Amino acid sequence: MVEYLEKHRRVFLLSGISICIIAIIFTISPNIGKNILSSGVSRIIAPVQRGINATAAWVGSHFSALTNNQRLITMNRELQAEVNRLEFENFRLSLAAEENAMLNAALNMHNRYAHLSTMGARVIGQDPSDRFRSFHIDRGANDGVQMSMAIIADGGLAGVVRYVNPTRAQFVSVLDSRFAAHVVSPRTEDVGTARGDTRLMSQGLLRMEHIEASAQIIPGDQILTSSSSSIFPAGLLVGEVVSVHTNPDGLTRYAIIKPAANVAELDVVLVVTEGFGEVGFRDTVDSEE
């Protein structure tokens with residue numbers, strides 16, 4: 001034992017001196033000792049504490065992001081539902097506006113042609129291969145529609161019935177080459193035949209043929225159905241003269257007419273039912289030469 005102590009005397013001596021110094025420091029200034037101890041502990045704990053704080057901050061931020069994301073998803077669904085509702089309401093209002101416009105147009109036409117016996121009809125379709133030429137309406141034989149009855153649109157004469165079944169009918173427009181009507185210029189009293197023309201149809205125009213060479217018709221003159229017509233009531237506006245030309249023989253003239261009815265936008269029409277539907281459609285063209 002004595003040999004062991006003797007051998008490690010230096011170690012014990014240094015340890016004792018160190019303990020004494022520490023004791024003296026705590027005795028003189030306890031705060032200094034605490035600071036030294038605290039500093040040592042802090043150096044060990046600080047990295048751990050920073051890691052815990054960083055982890056807590058990461059978890060908190062991601063949890064907040066998830067909460068915000070869920071809130072945004074809910075708000076987006078609510079906004080989309082509101083957009084869908086407003087779009088449907090807008091669509092409903094647009095349909096109501098169109099319906100109101102059509103009813104007003106029908107009322108205006110009825111008032112304008114109150115001297116004629118007519119019935120209102122809706123244009124429900126047209127033949128894709130006959131653009132501006134052939135249209136279908138929601139009235140038929142059960143409603144009193146017959147072949148060769150005149151069709152009037154808001155602007156004027158729009159066409160003539162060419163086919164009828166019990167519930168629907170088909171009419172050709174004034175642009176169709178199968179259409180013909182005796183017409184007159186009320187300003188000059190010159191007469192002729194208004195006829196659809198395949199070369200002019202794509203331009204939305206028709207011809208007035210068989211005009212005398214001495215006729216005084218000029219661009220801007222209105223053209224009406226004539227009292228000599230066996231198909232159409234007299235005085236229906238057909239269109240307006242665009243240009244006048246002399247035929248090569250020099251004996252007759254012809255005019256290019258812009259129709260009064262806008263056949264590209266037919267929604268509501270009137271069917272003239274008073275005594276003008278007894279001649280067959282083929283006779284309509286032949287008889288109006």
Side-chain angles (χ1 to χ4, degrees), residues 95-128 130-176 178-184 194-196 206 222-239 259-288:
L95 289 180
E98 290 178 3
E99 180 75 13
N100 186 59
M102 286 191 292
L103 290 175
N104 285 334
L107 179 60
N108 291 336
M109 284 191 291
H110 177 75
N111 292 336
R112 182 180 302 178
Y113 301 107
H115 61 289
L116 297 175
S117 176
T118 63
M119 74 172 70
R122 291 184 182 224
V123 175
I124 57 176
Q126 67 182 95
D127 292 339
D130 291 337
R131 191 166 181 257
F132 304 151
R133 295 178 59 189
S134 180
F135 299 84
H136 300 269
I137 57 175
D138 62 351
R139 298 279 194 170
N142 292 344
D143 304 295
V145 179
Q146 299 178 32
M147 290 281 286
S148 298
M149 284 184 168
I151 300 294
I152 304 174
D154 192 31
L157 182 63
V160 60
V161 176
R162 65 160 298 197
Y163 170 80
V164 182
N165 70 22
T167 59
R168 297 183 182 182
Q170 182 185 41
F171 72 90
V172 293
S173 79
V174 294
L175 299 180
D176 192 284
R178 294 165 290 182
F179 171 85
H182 285 315
V183 294
V184 62
R195 183 185 296 278
L206 66 153
Q222 289 189 333
I223 302 300
L224 311 180
T225 52
S226 169
S227 59
S228 63
S229 174
S230 61
I231 304 300
F232 305 103
L236 295 179
L237 180 60
V238 177
N262 184 1
V263 298
E265 297 181 2
L266 294 177
D267 293 315
V268 177
V269 296
L270 295 180
V271 182
V272 180
T273 59
E274 188 179 64
F276 297 97
E278 299 175 359
V279 181
F281 175 75
R282 178 55 56 185
D283 292 335
T284 301
V285 177
D286 295 338
S287 64
E288 298 286 72

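Source: prediction; values computed, not measured.
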| task | For side chain to side chain donor-acceptor pair (under 3.5 Å), just list the numbers for Ser134 and Gln170, CA-CA rounded to whole Å, side-chain angles, deciding distance to a tenth of an Å, and then say yes or no. | result | CA-CA 7 Å; Ser134 180; Gln170 182 185 41; 2.6 Å; yes
| query | Can you list the steps and then say if Val172 with Arg133 is a side-chain contact (heavy atoms from CB on, under 4.5 Å)? | reply | CA-CA 5 Å; Val172 293; Arg133 295 178 59 189; 6.0 Å; no
| said: Looking at Asn142 and Pro166, would you say the former's side chain and the latter's main chain have a donor-acceptor pair under 3.5 Å? | reply: yes
| query | Which value, rounded to the nearest 0.5 Å, describes the distance between Ile151 atom CD1 and Phe179 atom CZ? | reply | 11.0 Å
| message | Checking Val238 against Leu224 for the side-chain contact (heavy atoms from CB on, under 4.5 Å) test, could you report, in this order, the C-alpha distance in whole Å, the side-chain angles of both residues, the deciding distance, and whether it holds? | response | CA-CA 5 Å; Val238 177; Leu224 311 180; 5.8 Å; no
| query | Under the 3.5 angstrom rule, does the side chain of Ser226 hit a backbone N or O of Ser229 as a donor-acceptor pair? | reply | no
| query | Between Ile152 and Leu116, is a side-chain contact (heavy atoms from CB on, under 4.5 Å) present by the stated rule, with each step listed? | reply | CA-CA 11 Å; Ile152 304 174; Leu116 297 175; 4.0 Å; yes
| request: Quick one: pull up OG1 in Thr118 and CG in Leu270 and give me the separation to the nearest 0.5 Å. | output: 4.5 Å
| request: Could you grab the distance from atom CD of Gln126 to atom CD1 of Ile137, nearest 0.5 Å is fine? | output: 14.0 Å
| Expected output: side-chain Ser117 to main-chain Thr273 donor-acceptor under 3.5 Å | no
| message | Has Asp176 got a side-chain atom pairing as donor or acceptor with Gly196's backbone, closer than 3.5 angstrom? | response | no
| Would a line drawn from the ring center of Phe135 to the ring center of Tyr163 be shorter than 6.0 Å? | no
| query | Do the side chain of Asp143 and the main chain of Val145 share a donor and acceptor less than 3.5 angstrom apart? | reply | no
| Steps toward side-chain contact (heavy atoms from CB on, under 4.5 Å) verdict (Asp267, Val123) | CA-CA 5 Å; Asp267 293 315; Val123 175; 5.8 Å; no
| task | Give, for atom OG of Ser227 and atom CZ of Phe232, the distance between the pair rounded to the nearest 0.5 Å. | result | 14.5 Å
| query | Taking the side chain from Ser173 and the backbone from Gly159, do they hold a donor-acceptor pair closer than 3.5 Å? | reply | no
| said: Main chain of Gly120, side chain of Arg139: is a donor-acceptor contact present, judged purely on distance under 3.5 Å? | reply: yes
